[in-house]
Amino acid sequence: MVAKIFIDGEAGTTGLQIRERLADRRDLEVISIAPEKRKDQDERKRLLNAADIAILCLPDEAAKESVRLIDNGTTRIIDASTAFRVDPNWAYGFAEMDKDQADKIANARFVANPGCWPQGLIAGLRPLIAAGIIPADHPVIYHGISGYTGGGRQMIEEYVAEGVDASQFMPYGLTFQHKHVPEMTFYTGLKREPLFEPVVGNFAQGMTTALPLQLGTLAKVPTGAEIHAAIADHFAGIKDSFVKVAAYDPAVAKTPALDPQIHNGTNTLTLHVFANDARAQAAVVAVYDNLGKGASGAAVQNLNLMLGVAAAESLAA
Ligand SMILES: NC(=O)C1=CN([C@@H]2O[C@H](COP(=O)(O)OP(=O)(O)OC[C@H]3O[C@@H](n4cnc5c(N)ncnc54)[C@H](OP(=O)(O)O)[C@@H]3O)[C@@H](O)[C@H]2O)C=CC1
Ligand SMILES: CC(=O)N[C@@H](CCC(=O)OP(=O)(O)O)C(=O)O
């Protein structure tokens, strides 16, 4: 049987990208809403209930509404919004997070796709906390730069149509209450909220994030090699991982591999470890596409897991 997929919010930034990634698939049928009816509740309800899997690419409130509109007890859901990411009834859609996470996603009815920013932090920090290298109460700072497509249609219009008069580097979220903080805290295993300071750049797509680590106050100060080994070991144990770990070289001071745009159009997330052991300082840096592994790539990866099919070509690195 060919699975029926409905993308609620197909015309938006994430929805459109998922549509494109599924365009050549013969193992599924995308059922689309007529553009003029895309906010018509009755028509959405009909299609949501006709789908085997619904992918919600909507603002939080509209996503919650879609879930309420499904009353058939069978339609499975992948939600791209923030609405259900720390809800215990939803599987978190970061397949490489744990050895059994892909199986949890494959067997779930409800899957919450991760936020773009949390993935870089969870990928780098969760293995370190799990291995006891970084304590769960460590005061963590996380920052990075994202292309403006991360802000959806509205931000894209500001940058493109209205021509935002912004430099390449514009910090935001400066009340430190970004909507991604609960998800970051929960899935890293941290016992206190990380200080998250995001930056948006005057480029469309791609992101580079950094977790700088002051290690000198720890009871046991890890070396860069130990940090790298813990992260590399974790991902070496994950089947079909789209998270790659770059080789560790303590002599690297600058590398084009950290260009936020290098993974655009792919589902790859690369982690890099940098360290100065004499100073007891390190950083774990992640590079990925905010619209790829950060959104539509992860959604298609989760869809494939739920359908029990191998990763699609469009997800290749
Ligand atoms: N962009 C990114 O990098 C990422 C986005 N996400 C999340 O994915 C979701 C979608 O984001 P994104 O694609 O960027 O946002 P966009 O604003 O680009 O798209 C959202 C789409 O939903 C439509 N929409 C809004 N309200 C309703 C409604 N009540 N019924 C039906 N359709 C509606 C919008 O229509 P209209 O424009 O006409 O209002 C628009 O087409 C959000 O929850 C976002 O937080 C997650 C990870 C990364
Ligand atoms: C540049 C920019 O504004 N980025 C968005 C993140 C987008 C994302 O990850 O999506 P969710 O909102 O679904 O989590 C932000 O910081 O809010």
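As the structure lists them, so they are numbered: ligands from 1, and atoms in each ligand from 1. Just so we're clear, the structure is a prediction, and the values are computed from it rather than from any experiment.
Note on ligand 2: Tyr172 sits in its first shell, one or more heavy atoms being nearer than 4.0 Å.
Gln301 and Glu96 share a donor-acceptor pair across their side chains, judged by distance under 3.5 Å alone. With 3.5 Å as the limit, one finds a donor-acceptor pair spanning the side chains of Tyr92 and Glu183.
Ring-plane geometry between Tyr142 and Trp117 is classed as perpendicular, the angle between the planes exceeding 60 degrees on a 0 to 90 degree scale with a lower cut at 30. Classification of the His178-Phe196 ring pair by plane angle, with boundaries at 30° and 60°, yields perpendicular.
By the 4.5 Å heavy-atom criterion applied to side chains, Pro135 and Leu218 are counted as neighbours. Side-chain contact between His263 and Lys293 is absent, with no heavy-atom pair separated by less than 4.5 Å. Residues Pro182 and Arg85 have side chains not in contact (no heavy-atom distance under 4.5 Å, counting atoms from C-beta outward).
The structure places CG of Leu58 at 9.5 Å from NZ of Lys39, a figure rounded to the nearest 0.5 Å. Here Ile141 contributes atom CD1 and Gln214 contributes atom CD; the two are 8.5 Å apart, rounded to the nearest 0.5 Å.
The protein non-hydrogen atom at the shortest distance from atom 7 (C) of ligand 2 is Gly150 O, 3.0 Å. Summary of contacts: the protein heavy atom closest to atom 8 (C) of ligand 2 is Cys116 SG, 3.3 Å.
Which parts of ligand 2 touch Gly151 is read off a 4.0 Å heavy-atom cut-off, strictly below it: atoms 1 (C), 2 (C), 3 (O), 4 (N). Of all the atoms in ligand 2, the ones that sit under 4.0 Å from a non-hydrogen atom of Arg85 are 11 (P), 13 (O), 14 (O). Every atom of ligand 2 is numbered from 1 in the order shown, and the set under 4.0 Å from a heavy atom of Gly115 is 9 (O), 14 (O).
Contacts between Ala80 and ligand 2 below 4.0 angstrom, taking non-hydrogen atoms only, involve the backbone exclusively. By the criterion of a heavy-atom distance under 4.0 Å, the side chain of Ser146, and not its backbone, is placed next to ligand 2.
In this structure, of His178, Glu183, Lys179, the residue bringing a heavy atom nearest to atom 12 (O) of ligand 2 is Lys179. The closest heavy-atom contact to atom 10 (O) of ligand 2, among the options Met207, Gln154, His180, Gln119, comes from His180.
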Are any protein N/O atoms closer than 3.5 Å to the N/O atoms of ligand 1? If there are, list each pair with names and the distance to one decimal place.
residue	atom	partner	partner atom	Å
ligand 1	1 (N)	Thr149	O	3.0
ligand 1	3 (O)	Asn290	ND2	3.3
ligand 1	13 (O)	Thr13	N	3.2
ligand 1	13 (O)	Thr14	N	2.8
ligand 1	13 (O)	Thr14	OG1	3.0
ligand 1	17 (O)	Arg153	N	3.4
ligand 1	18 (O)	Thr13	N	2.9
ligand 1	18 (O)	Thr13	OG1	2.6
ligand 1	18 (O)	Arg153	N	3.0
ligand 1	30 (N)	Arg44	NH1	3.3
ligand 1	35 (O)	Arg38	NH1	2.9
ligand 1	37 (O)	Arg153	NE	2.4
ligand 1	37 (O)	Arg153	NH2	3.2
ligand 1	38 (O)	Arg38	NH1	3.3
ligand 1	38 (O)	Arg38	NH2	2.8
ligand 1	38 (O)	Lys39	NZ	3.3
ligand 1	39 (O)	Lys39	NZ	2.8
ligand 1	41 (O)	Gly12	N	3.3
ligand 1	43 (O)	Leu58	O	2.6

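The hydrophobic clustering, which links ILVMFWY residues whose side-chain heavy atoms are closer than 4.5 Å, places Leu125 and Val86 together.
Comment: Arg68 does not engage Glu65 in a salt bridge, judged by the lack of any side-chain N to carboxylate O separation of less than 4.0 angstrom.
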